[in-house]
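Letters A, B, ... are given to chains in the order of the sequence lines, protein chains preceding strands, and every chain is numbered from 1.
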Amino acid sequence: MSRYHPPPLARRMGLIATLATMGALAGVVALLLPLRGAPARAGAAQGVLMLIDLPAPPVPPAPARGPARAPSVQRQQAPRPGDRPSAQTPAPPSSGSVGRIAVPAVMERPAAGIMVPPQAAPAPPEPDPAPPPVDAGSRARYLERLRARIAARRPPGLHIPGTAIVAFTLDPAGRLRDLALAQSSGSAMLDRLALRTVRTAAPFPAPPGDIGGDLRFSIGFRFD
Amino acid sequence: MSHETGRPRALRSLCLIGAALPAFPCPPAFAQEATRLPDVDIASDAPLPGLAATARDRIDRPALDQLGAQSSDTGRIVTRVAGVGAYGAGGLSSLPTIRGLDNQRISILVDGVPIDIACPNNMNPPLSYTDPQTIAAIDVVTGVSPVSHGGDTIGGAILVETAPPAFAKAGEALVRGRASTFYRSNGDGFGGALTMTAANDHLSLTYSGAYSQSGNYRGGGDDDAVRATNYARTDHSLAFAAQTGAGLFELRGGFHHVPYEGFPNQYMDMTDNRSWFLTGRYRGAFDWGDVDLTADYRDTDHEMNFLADKGGTADGGMPMNTETHSAGVLLRISLPLSARDTLRVGGEFRHEWLNDYWPPVAGSMMMGPDSFININGAKKDRLGTFLEWQADWSAAFTTTIGVRNDQVWMNTGAVRPYGTGMMQMDDVMAAMAFNAADHRRHDDNWSGSVLLHYGPTARLAFDLGYARKVRSPTIYERYTWGRGAMASRMIGWFGDGNGYVGNLALDPERADTVSGAVTFGSRAAGDWSLRIAPYYTHVADYIDVVKLGDLTDMMGMPSGFALLQFANREAAFYGVDVTANARLLNSRTSGMLIATVTGSWQHGRNLADHDPLYHQMPFNASLALDYSRGRLDGRVTLDYVADRTRVDPTRNEPRTGRYALVGLGVGYGWRGFRLGVDVSNLFDKGYASPLGGLSLGDYGATGLLRPVPGRGRSLNVELSRRF
């Protein structure tokens with residue numbers, strides 16, 4: 001009684017192909033690891049070196065800036081569905097934390113000399129002690145617009161926990177002037193994602209004239 | 001638009017150096033206070049890129065915990081989503097359909113990887129390799145899915161995630177898991193599962209294992225036990241993940257074994273299915289964009305024969321073996337170009353090798369003396385490339401436009417019938433014709449998708465999508481050839497007892513879909529919402545069947561079954577899905593009560609024959625009330641399915657009557673334990689699912705042909721522990 005046998009060589013081809021791909025993957029790792037260095041830790045110089053001197057991002061031509069303002073007003077009034085807070089139930093992770101201001105308890109100072117500005121008491125509604133009269137409500141609204149614009153561009157999570165805090169400065173036109181990693185999340189990948197999120201959210205809407213205070217902000221990204 | 005120059009830059013460079021030298025003071029300009037904005041939370045279960053949150057349905061672990069012991073069949077669990085149905089099959093292998101498009105027309109990914117079906121009866125579909133006890137989440141896209149989510153499909157998508165990597169926070173270690181065990185009274189089903197993760201902040205190891213077993217189940221009302229509905233399955237997998245400065249690396253391997261699974265609506269049963277796989281994945285996030293690279297390999301050996309209900313194998317039975325090797329590489333790159341634009345580009349290569357042969361049976365005149373070679377080393381290679389542009393015009397308005405090309409190459413070797421005797425003459429002639437033809441096929445498939453999402457307020461959202469998608473025929477649709485009554489009935493995944501013959505001249509299906517959705521309210525937890533989603537799909541060259549003749553029994557009388565051949569026809573599907581939920585109660589004293597209503601109406605028409613299409617779900621609706629208070633949670637469900645009167649005459653499809661099923665469940669949680677007790681089909685209603693097929697196991701034993709009875713009342717108990 002004859003029995004049909006499939007060719008034995010075929011059984012190994014797929015496995016060889018995948019092992020070859022794994023080898024290519026390993027080769028990519030071998031090439032990339034020396035570039036990226038050791039995993040970032042709080043205290044590594046890597047966090048410090050993340051200050052990026054930005055070329056001005058490609059700004060849409062002036063006429064387009066006008067209409068771009070109108071949607072941003074909408075944005076302030078109506079945060080995107082995913083950002084809506086739910087007051088009663090524990091907020092699902094993707095709903096953000098509008099209205100709840102996280103107080104950074106102790107800023108981690110990895111190494112002396114890192115350019116971490118001492119954190120002010122968190123207070124978008126807090127009046128600026130400087131003499132020029134400020135509209136606290138206007139500043140609060142502007143901060144919410146900034147945050148909403150950044151939150152709208154947040155990346156999907158990577159199953160890596162950590163909180164990265166990014167500090168940035170805007171010029172009076174709303175363009176990004178400085179961008180720095182104020183606190184590393186412990187993972188270089190999350191840090192890059194956080195910085196990239198703020199960078200691609202720029203240019204921001206221009207701050208209103210009566211906003212008062214300086215234009216330095218920081219924002220934390222809590223990856224779960 | 002000028003670059004930063006002069007003093008600020010010099011200051012910055014100074015600080016750069018200064019930071020590397022610990023005690024260097026920074027200029028006062030950088031010591032001013034910065035206003036802290038509220039944090040942005042980023043969850044790892046965020047919507048898939050390119051899809052708005054309103055465009056997908058998610059069944060997460062808490063929902064699966066509540067379903068508990070009701071089913072070991074993932075394909076059946078996804079039918080909770082409006083618009084999703086499932087062809088009945090074995091107890092582990094239901095074939096999901098989304099909006100009338102079945103099986104291999106929709107994209108089913110397990111941990112990001114497609115799984116090839118290695119069986120002429122589709123007994124081992126992708127979801128049969130997953131166990132509800134160890135699934136982390138299931139995402140279902142019923143509308144248009146963007147081209148970046150896969151090719152060679154024309155419908156929606158079901159994405160199952162089993163063991164995502166989990167890392168500890170810096171400096172900590174993480175050990176957590178879930179163990180569960182269940183018992184089902186109808187069929188004496190039982191099983192257990194264990195998922196365990198051990199991780200530090202850079203390495204993670206996750207083990208996932210599950211076992212399920214059941215005997216034949218009993219139908220409701222006056223129905224007896226349904227033959228050939230028993231099964232046993234075990235799955236094990238180990239996933240290793242490492243996060244480094246270069247990115248996130250994952251390596252996952254596993255083994256799956258089904259020693260037996262009865263199929264009530266097929267002539268054969270599964271007598272062994274073994275599959276092992278290896279998947280590697282790299283994800284990197286860089287300043288310029290994201291990279292996602294996945295490589296996978298799977299080896300499946302599948303055997304069919306008769307289990308005891310269908311006669312057993314004492315006389316040799318009818319052995320049928322299928323072997324498949326699948327390998328693939330998928331690369332996706334996402335480039336955020338500006339505040340508005342994101343570009344996604346990617347490529348995919350998949351290779352499938354399939355061998356299907358039926359060894360001869362000693363002493364049988366018909367099944368010997370040679371092996372019946374059904375598919376001789378067929379190969380299907382597919383190279384897909386896509387380009388997708390997502391534009392966030394404002395916070396409210398997003399467009400996703402993509403184009404995709406898939407090149408498909410297929411070929412197969414020569415075939416052979418069991419022998420050259422008189423009883424095998426139909427197959428002998430068919431094999432000669434098949435071998436004389438050229439089997440090489442090359443398809444050049446272009447697909448595109450346009451998705452618009454407009455959410456002017458938090459409580460209103462519009463989604464509109466158009467897609468043009470193309471699907472090449474599968475290996476079994478193109479390369480099966482047996483024309484004899486017996487050989488043809490071995491082919492087919494429709495559960496109707498008919499015989500099917502492949503067609504070398506098949507062209508790819510081309511589908512145009514328009515799908516929309518209006519969402520009122522918010523689908524975030526704790527809010528009410530109503531979602532109405534109409535759709536229309538037109539499929540040119542839809543692969544349906546033409547009738548070659550009637551199958552006759554030994555005495556030449558028509559048996560009620562037909563010999564059918566796959567052919568390009570034309571089809572149209574349209575319908576509407578409605579999903580609503582509302583929180584009726586929410587207080588500390590009286591607890592929380594949530595009502596969920598889903599309804600789905602669909603109409604599928606064969607435009608070439610002017611007949612209804614096969615296995616289209618009639619109107620169906622469900623109502624679920626979920627109650628929770630403190631440690632207690634409860635659930636009442638009502639499922640209704642209308643009469644199915646629109647049936648496909650070509651396949652002699654039976655009508656089924658309407659029915660309503662009531663389910664009741666209670667759960668108690670305590671210190672990580674959860675005990676769930678529920679009763680499904682509380683009133684023991686006798687019914688037949690419209691998509692259940694014909695009960696061929698019973699037909700063979702009793703001579704009585706009827707649709708497969710649905711499950712009767714069952715008491716299900718599940719105990720689980722999170723640690």
So what's closer than 4.5 Å to chain A heavy atoms on [X]: side chain, backbone, both or neither?
X: A166(B); result: backbone
X: A168(B); result: backbone
X: D341(B); result: neither

Treating R192(A) as the side-chain partner and A285(B) as the backbone partner, does any N or O pair qualify as donor plus acceptor under 3.5 Å?
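Checking the backbone N and O of A285(B) against the side chain of R192(A), a donor-acceptor pair under 3.5 Å is found.
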Quick one: side chain to side chain contact (heavy atoms under 4.5 Å, CB included) partners of D116(B), sequence neighbours excluded?
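Counting only residues at least two positions away or on another chain, D116(B) forms a side chain to side chain contact (heavy atoms under 4.5 Å, CB included) with T324(B), S326(B), E352(B).
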When the ring planes of Y282(B) and F286(B) are compared, do they come out parallel, tilted or perpendicular, using 30° and 60° as the limits?
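Because their plane-to-plane angle lies in the 30° to 60° range, the rings of Y282(B) and F286(B) count as tilted.
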For the residue pair T169(A) and R216(A), confirm or rule out a side-chain donor-acceptor distance under 3.5 Å.
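There is such a pair (donor and acceptor under 3.5 Å, judged by atom type) between the side chains of T169(A) and R216(A).
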